[in-house]
Structure formats: structure tokens, C-alpha cells
Amino acid sequence: MTALIECQQLSKRFAAQTALDQLSFELHSQQPVALIGPNGAGKSTLFSIICGYQFADSGTIRVMGHAPGSAALRGQIGALPQDALFDPDLALLQQLQFLARLQGFSRAPALTEAQRVCELMGLADKHKVLPSQLSHGMKKRLSIAQALIGSPKLVLLDEPTAGLDPENALNIRRCIEQLADDTRFIISSHNLSELEKLCSQVLFLNQGRLQLQQNLQQQHSNLLTLQLWQSHAQLPDAIRQLSGVRQVKQQREQLQIDYDQQHNPALDQQLLQLLARLDIRYRQLSHGQSLEQQLFDLG
């Protein structure tokens, strides 16, 4: 099976700054992939190289089996830059129609395609509106709409919900989920809880290097994470008395329980019964670790 993206010893420098440092990984995921890391980690540089906007100084990269920028990838990759800009004098539908023409659509099909992505992103009633008249959420939807022109096989989204209110962020998540069966997404964001909802795999970059590649659907099945409303000093000892429990770690209102799932597959139910007997209120009980825990408890 051809990898979605295959990098081998990929490096890129800008003067004295190393953006990517011998980066190597393979992606085969059919579901959305999270690309995360601190500012300056190399995420935007990697996106630019995948799209063929920039070229690596050394190493190799293949996207769906082809070199970035090759004719075989034309129309196959869509991208949302973090701060996408539009012509202030062109109405929304004209913008998208023009961008479709640049992708090779003739006049009438370009209009049809512009209307399609407008409707997809809930902008069908904004055809004649100028970009300056759009709210921040509407502008973000417009930016994503242009990335979907031509139904590309791969779409790169850089901070697709940054600065959005919860309702707009939810609408964009739902759109990505609806398209994920036919389109492969790589999403860069600092919103880890959002990425957990959307993505099946995560790439964690730091200083241009790969720190972690994790399949989120194969989390530790022998871990439970319990979030309380307030800490209870005696609770960890009570949990340790339950069958199969190996270790309990507590950090303020959060407990992480390591247990033998084969020995006691019903520990989660027993834990809830224990909380009810002790009259202890809890916020959440979940299997495995959160993405935040996986990333920042690497040692």
C-alpha cells in the first residue's frame, strides 16, 4: 500500500535556523492525522514542502507516491494556511470561481464547483458578500472552502478553528468528519482536545524532529483516567484494594489507574460503584490517557 506521506532524513534550513532536522516518518492512515508541536517546531515548513511550495535541502519526501510539486499531484492537494488572505474587491463566489479556474476548471464548471464548496461550508447565502464583510468564523469557512475545490485527495489544515466560537468550531469539525471517508486530512492545531475528537493518529514535532508518532485508536487499554470535582485523600488507597489494580497515581483532582484488564475487565464498573458508595462526585472516567498526557509525560 502506497504511503500517504513518506519522509526520509528530511532537512530544511533558513539561514542559521534549522526548521526540519533529518525528519523521518511514514503515514498510512485513512483517517485525519494530527500534526502538533510548539511554535517553531517545523509544522508550517513541512506543510509547505508537502504542497511543493518549498523544497528540502536534503532527504526525500513522497506524497501519495509522488514527489511534491509534480504534475501527478496537481489538484490532489488542498491547503489552508493559518492566515489565508483574499482579494478584498471580489465577492465570495467570485473568489472561489477564480480559484477554481486557476485549478483548470473552465468557466461554467468553475462556477458549479464554487457553488458546491460554498454549500458544503454553509456559505450558500453569502455569494455576493465581500471578504471584509464576513465574520472571523465565516472567513475561516471560506478559507476551508477554497482548500476543498476540486475534491483533493489530501487536505492540509493549519489551525482550522483558531479563534472561533464553539458553535463555528463544531460546524467545521462536523464538516471534516463528513468528508473524512473520501478525503485524507492532516490538521495542525494547538487545541489537543479537538484533535482527539477528529484524528486517529498524531505526529508530534519539536525543533524539527519527530518526538512521537502515536495511533490514538490504540491507546493503553490497561489505563483508566478519573477526573474528580475535588481531590479525596483516602480514595487512592480504596482504589488499590480493587482486584487487578497495579498502581494509582494522583495529581490534584485527577487519578490515573494502571490495572490488569485481563484479570479484571469490569474495573471501570467497580470503580463507579466505589464512587457511589463513598458519595464522591466525578467529572469524567475514560479509558487510556488524554493526548495531553501522552505528549507531556514522555519520560
Side-chain angles (χ1 to χ4, degrees), residues 32-37 39 43-54 63 68 73-105 110-180 182-191 194-195 197-199:
V33 173
L35 177 65
I36 61 179
N39 294 332
K43 304 184 298 295
S44 295
T45 299
L46 179 59
F47 270 8
S48 293
I49 291 175
I50 292 171
C51 291
Y53 302 152
Q54 296 177 346
V63 180
L73 292 177
R74 278 186 200 142
Q76 302 302 307
I77 302 176
L80 164 68
Q82 184 174 352
D83 298 307
L85 299 177
F86 293 91
D87 189 322
D89 299 319
L90 279 181
L92 184 151
L93 190 63
Q94 292 176 302
Q95 303 258 4
L96 296 173
Q97 185 179 8
F98 174 72
L99 292 171
R101 292 295 303 274
L102 290 179
Q103 287 202 23
F105 286 83
L111 177 59
T112 301
E113 181 65 5
Q115 292 169 333
R116 182 187 75 85
V117 295
C118 265
E119 184 172 351
L120 192 63
M121 295 308 302
L123 297 170
D125 60 341
K126 305 293 182 182
H127 286 180
K128 298 181 180 180
V129 175
L130 295 175
S132 60
Q133 298 172 312
L134 295 174
S135 67
H136 179 68
M138 292 289 184
K139 287 179 181 177
K140 188 69 75 170
R141 284 199 238 170
L142 173 60
S143 299
I144 296 176
Q146 65 80 28
L148 299 175
I149 291 173
S151 300
K153 292 181 180 178
L154 171 63
V155 175
L156 311 177
L157 300 177
D158 193 354
E159 295 289 355
T161 60
L164 296 186
D165 60 73
E167 182 178 3
N168 270 304
L170 176 61
N171 289 336
I172 288 176
R173 283 202 308 272
R174 285 175 173 169
C175 181
I176 293 171
E177 289 168 347
Q178 290 168 4
L179 295 172
D182 301 311
T183 302
R184 301 181 188 183
F185 289 91
I186 301 179
I187 306 169
S188 176
S189 175
H190 292 302
N191 189 333
E194 181 174 85
L195 293 176
K197 297 182 181 79
L198 284 171
C199 300

Side chain to side chain contact (heavy atoms under 4.5 Å, CB included) between Asn168 and His136: does it pass, once the steps are laid out?
-> CA-CA 10 Å; Asn168 270 304; His136 179 68; over 6 Å; no

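Checking side-chain atoms of Thr161 against main-chain N and O of Leu164 turns up no donor-acceptor pair under 3.5 Å. In terms of modelled atom types and a separation under 3.5 Å, the side chain of Lys43 and the main chain of Gly37 share a donor-acceptor contact. Formation of a donor-acceptor pair under 3.5 Å by the Lys140 side chain with backbone atoms of Ala169 is not found in this model. A donor-acceptor distance shorter than 3.5 angstrom exists from the side chain of Gln146 to the backbone of Ala79, with no hydrogens or angles considered.
Phe185 is not listed as a side-chain neighbour of Leu198, based on a closest heavy-atom distance of 4.5 Å or more. Annotation: side chain of Ser143 is in contact with side chain of Phe86 (closest heavy-atom distance under 4.5 Å).
Considering all non-hydrogen atoms of both residues, Cys175 and Leu120 come closest at SG-O, 4.1 Å. Between Glu177 and Lys197, the closest heavy-atom pair is OE2-O, 4.2 Å. Across every non-hydrogen atom of Pro131 and Leu90, the tightest pair is CD-O, 3.2 Å. Across every non-hydrogen atom of Thr45 and Gln54, the tightest pair is CG2-OE1, 4.0 Å.
For Lys153, the NZ atom is loosely surrounded, since the number of other residues' heavy atoms within 6.0 Å does not exceed 12.
Between Arg116 and Glu113 a salt bridge is recorded (basic side-chain N to carboxylate O distance below 4.0 Å).
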